[in-house]
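Notes for the one structure printed next.
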There are 2 protein chains.
Amino acid sequence: MFKIGLAEDDLKIAGLVKTGLEEQGYLVTIVSNGEEALQTFKETDFNLVILDVMMPGMNGIAVCKSLRSGNKDLPILMLTALGSIDDKVTGLNSGADDYLVKPFHFKELLARIEALLRRQHVATGKDKTDHLLSFDDISLNTYSKEVKRAGILIELTAKEHTLLELFLRNPNRLLSRQYIAENAWDISFDTGTNVIDVYVNFLRNKIEKGFSRKLIHTKIGMGYILK
Amino acid sequence: MFKIGLAEDDLKIAGLVKTGLEEQGYLVTIVSNGEEALQTFKETDFNLVILDVMMPGMNGIAVCKSLRSGNKDLPILMLTALGSIDDKVTGLNSGADDYLVKPFHFKELLARIEALLRRQHVATGKDKTDHLLSFDDISLNTYSKEVKRAGILIELTAKEHTLLELFLRNPNRLLSRQYIAENAWDISFDTGTNVIDVYVNFLRNKIEKGFSRKLIHTKIGMGYILK
DNA sequence: AAGAAAGATTAAGATTATATTAACAAAGTA
DNA sequence: TACTTTGTTAATATAATCTTAATCTTTCTT
């Protein structure tokens, strides 16, 4: 459940946006001037705020700067009737993440909100679609434990699954045998075992045989990498 | 130094954007169709990519989706002549972070790029490029273990990689054989070996052959220096 | 300039790393 | 318990890397 703050003095617009967002399952808090916005949105539990630039008293730009100085993570979307380029640039430079000009289509506002939230969540690692890992044409669902490549279901054993998950959580990154041993097995010292090699081989047979692109590559003397 | 990828088939626009961004200190790589975009921007060292939606062959939406599946972090900005709301929504929903309609003002593009990069930096908490070592036109990614010179991928063995990394961590600094032996090999006393000389030679063959500038220079009686 | 020292280059052999297979052990299931 | 599946170890084959040592080239010293 995402909590969105909306600072907008035009009550008609505010109401429409609130209704629309609530239909999408968002929790919306409306304020109608800059001071109130600053006061309310300082709270840490807002996932995103929408600021109108033109408001009585403190304007959106000032609110944005002030919010930014206290909370660098908060996604801020500016909303305004001003359409001139300089206004947009000023808005974005004051710390906003996006800028939308009125009149706007609700659909576009929604898409921009989603883009911002998506990014926020990817970056902070707590994406709501976190259980879906994918790379190239392979995907792994940590809930259903289903693995598919190019749409084709692949059956993996528990260890193979764990190993693939480790690779999918670290794409384009070389994983040393040591690292794999610690994270997919519970080996913290060198036991002289070759389980990892054997399992990489098992995994390759299942996810690469019959497909043209290789996924797991060997870097001799270093480890394995998914790319 | 941020590296930006630009996929745009209109060479006039591409040129203008490139020039403008380069004036701001960005490094810009242009491609002119979707397939090329996918191929080039899959590389791990782009900080942001700009995709035109309408391109010959694979379009921007498809490129965006595919890039997203491999790299969740990469900021993507879509650029297009289509101004309809549905196009914007489709673009944003395919994984883009922002969407700009042509004709646009360069100032706005720049402000939006800066907003995206700012967010990226804030969200990841630290310089996202601290695993990238570089000197002149050579770069080494300590995550993916990829080495490139002037954009060309160079395959190094484990020892060669370790040796290059040592040089890149000590640019413009003379490294004695003793120092190299201790840090890239595990030799702490003089064994009378010439492995280092041999490996510097191997490394030179891979990173200097075919390029005009020398990187590793010999200081007779002292050691080697990267400059 | 000649000889000595330092470094570059090459090739062969030693060493190590990896892929693959099979056998065995452990765990789960009927 | 017997059977099946999964996980682990070990052995082998193959390939790549690393090291050594010999020779060639350049630089330094006298």
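Convention: sequence-line order gives letters A, B, ...; per-chain numbering from 1.
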Step-by-step side chain to side chain contact (heavy atoms under 4.5 Å, CB included) determination, L116(B) to L77(B): CA-CA 9 Å; L116(B) 285 174; L77(B) 195 156; 4.0 Å; yes

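Below 30°, between 30° and 60°, or above 60°: for F2(A) and Y26(A) the angle between ring planes is between 30° and 60°, a tilted geometry.
Residues meeting the salt bridge (Lys or Arg N to Asp or Glu O under 4.0 Å) test with E114(B), sequence neighbours left out: none. By the side-chain hydrogen bond (donor to acceptor under 3.5 Å, both in side chains) test, T19(B) is found to be paired with no residue, residues two or more places apart in sequence or in another chain being considered. With sequence neighbours left out, F135(B) forms a ring-ring contact (aromatic ring centres under 6.0 Å, His included) with no residue at all. The side-chain hydrogen bond (donor to acceptor under 3.5 Å, both in side chains) test applied to E8(B) returns K102(B), not counting sequence neighbours. Not a single ring-ring contact (aromatic ring centres under 6.0 Å, His included) links F106(A) to another residue, sequence neighbours left out. Scored by the ring-ring contact (aromatic ring centres under 6.0 Å, His included) test, F41(A) finds F46(A) as partners (sequence neighbours excluded). E182(A) is linked by a side-chain hydrogen bond (donor to acceptor under 3.5 Å, both in side chains) to Q178(A), counting only residues two or more places apart in sequence or in another chain.
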Identify the pairs formed between an N or O of the protein and an N or O of nucleotides 15-20 of chain D at a distance under 3.5 Å, and give each distance.
from, atom 1, to, atom 2, distance (Å)
dC18(D), OP1, K159(B), N, 3.1
dC18(D), OP2, T157(B), OG1, 2.7
dC18(D), OP2, Y199(B), OH, 2.9
dC18(D), O5', Y199(B), OH, 3.1
dT19(D), OP2, W185(B), NE1, 2.8
dT20(D), OP2, T193(B), OG1, 2.7

Distances for protein N/O vs nucleotides 24-30 of chain C N/O pairs under 3.5 angstrom?
none

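Atom CZ of F104(B) is separated from atom OG1 of T80(B) by 10.5 Å, given to the nearest 0.5 angstrom. I50(A) contributes atom CD1, which lies 5.0 Å from atom CG of L109(A) (distance to the nearest 0.5 angstrom).
D197(B) has its CG atom 16 Å from the P atom of dT26(D), to the nearest Å. Summarising the geometry, the separation between CG on L203(A) and P on dT6(D) is reported as 14 Å, rounded to the nearest angstrom. In this structure, I196(A) atom CD1 and dA10(D) atom P are separated by 15 Å, rounded to whole Å. Atom CG of L163(A) is separated from atom P of dT6(D) by 16 Å (rounded to the nearest Å). When rounded to the nearest whole Å, the span between OH of Y224(B) and P of dT27(D) equals 14 Å. Between the CD1 atom of I216(A) and the P atom of dT20(C) there is a distance of 12 Å, given to the nearest Å. Across the protein-nucleic acid pair, E208(B) atom CD and dA8(C) atom P stand 11 Å apart, rounded to whole Å. What separates NZ of K219(B) from C1' of dT26(D) is a distance of 16 Å, to the nearest Å.
Taking the ring axis of Y99(A) as reference, the NZ or CZ atom of R112(B) does not stay both within 45° of it and closer than 6.0 Å to the ring centre.
Ion pairing between R68(B) and D97(B) holds under the 4.0 Å rule for side-chain N and carboxylate O.
Listed by residue number, the members of residues 170-184 of chain A with any heavy atom below 4.0 angstrom from DNA chain C are R177(A).
One finds no side-chain N or O of T218(A) lying less than 4.0 angstrom from the OP1 or OP2 phosphate oxygen of dA17(C). Regarding contacts with the backbone of dT9(C), a side-chain N or O of N201(B) is found under 4.0 angstrom from either OP1 or OP2.
Where the helix from dA1(C)-dT30(D) to dA30(C)-dT1(D) starts and where it ends, the local axes point in directions that differ by 30°; five pairs per end, rounded to 10°.
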For residues 31-38 of chain B, tabulate all N or O donor-acceptor pairs below 3.5 Å that involve a side-chain atom, not counting sequence neighbours.
from, atom 1, to, atom 2, distance (Å)
N33(B), OD1, E35(B), N, 3.1
N33(B), OD1, E36(B), N, 2.9
N33(B), ND2, E36(B), OE1, 3.3
E35(B), OE2, M58(B), N, 3.2

